[in-house]
Amino acid sequence: RRTYGVRRHQVALVGNRDIGRAWHFVGDYKVALRWLDNKGYSEVHSLDLGDKTGRDDTMRTAEVNMGFVLDRRDDRFNPSNGWLARLNAAVGHRNLGGEFDYMRVTGGGVIYQSLSRSEKVAAILSIRGGIAQPFGETLGLPVDERFHVGGTNSLRGYREESVGPV
């Protein structure tokens, strides 16, 4: 079985601002130090891990992230009607303090529809997607910067982000 493990320590500066009643802006700068234990994973997917392959290694990533959220839910903490949409863009670069150059764009939406007059039962439809791409001298994305599934909001029965990466 090919597996990997990641221990991560991260520092982030985060800011957000409401822009009107429904629009929100979120921005952050993150620096993360990761200890990757490949456990044979890179023997099969060596190109996927870029220039940090074939051994246990320490990686440092740094990124700037900006996003917008449009929130049209009836209640921020316990919604039963409405929708929410979000769009994020992140750039990781050596000039920010990391070892990798990459970009990532993610987006998603959630629709809430009450199924009863008392609004105690609601149907929820959620969709998420994204694209991530290395650039410059970086050959592949760090394994924990790739997309994973698993956990209560994507693939139930598996631990958070335990299936993947893709």
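We use all heavy atoms of the structure for the numbers below, so side chains are in, but hydrogens, waters and symmetry mates are not.
A donor-acceptor contact shorter than 3.5 Å is absent between the side chain of R60 and the backbone of V31. Of the possible polar contacts, none joining the T138 side chain to the G140 backbone as a donor-acceptor pair under 3.5 Å is found. For the pair Y102 (side chain) and E63 (backbone), a donor-acceptor distance under 3.5 Å is absent.
Of all the heavy atoms in D101 and G136, the pair that sits closest is OD2-CA, 4.4 Å. The shortest non-hydrogen separation linking A62 to G98 is CB-N, 3.5 Å. A132 approaches L141 most closely through the heavy-atom pair CB-CD1, 3.4 Å. The two residues L96 and V91 have their closest heavy-atom pair at CD1-O, 3.6 Å.
Between the CG atom of N88 and the CG atom of D28 there is a distance of 8.0 Å, given to the nearest 0.5 Å. Summarising the geometry, atom CG belonging to L115 is positioned 14.5 Å from atom NZ belonging to K120; distances are rounded to the nearest 0.5 Å. The CD atom of E99 sits 8.0 Å away from the CZ atom of R94 when rounded to the nearest 0.5 Å. For the atom pair M59 CE and L33 CG, the distance stands at 9.5 Å (nearest 0.5 Å).
One hydrophobic cluster, built from ILVMFWY side chains closer than 4.5 Å, holds both L70 and F25. Clustering ILVMFWY residues whenever any of their side-chain heavy atoms sit less than 4.5 angstrom apart, transitively, puts F68 in the very cluster that holds W83. Both L87 and M103 belong to a common hydrophobic cluster when Ile, Leu, Val, Met, Phe, Trp and Tyr are linked at side-chain heavy-atom distances under 4.5 angstrom. Hydrophobic clustering (ILVMFWY, side-chain heavy atoms < 4.5 Å, transitive): W23 and L84 are in distinct clusters.
In this model, no donor atom of one side chain and acceptor atom of the other lie less than 3.5 Å apart for S80 and D75.
At most 12 non-hydrogen atoms from other residues, nucleotides or ligands lie less than 6.0 angstrom from CZ of R86.
Screening I124, I127, L125 against V110 for a side-chain contact (heavy atoms from CB on, under 4.5 Å) leaves a single residue, I124.
When side chains are defined from C-beta on, R73 does not count as touching N81, because their heavy atoms never get closer than 4.5 Å. You'll find the side chain of R76 reaches within 4.5 Å of the side chain of D71, heavy atoms only.
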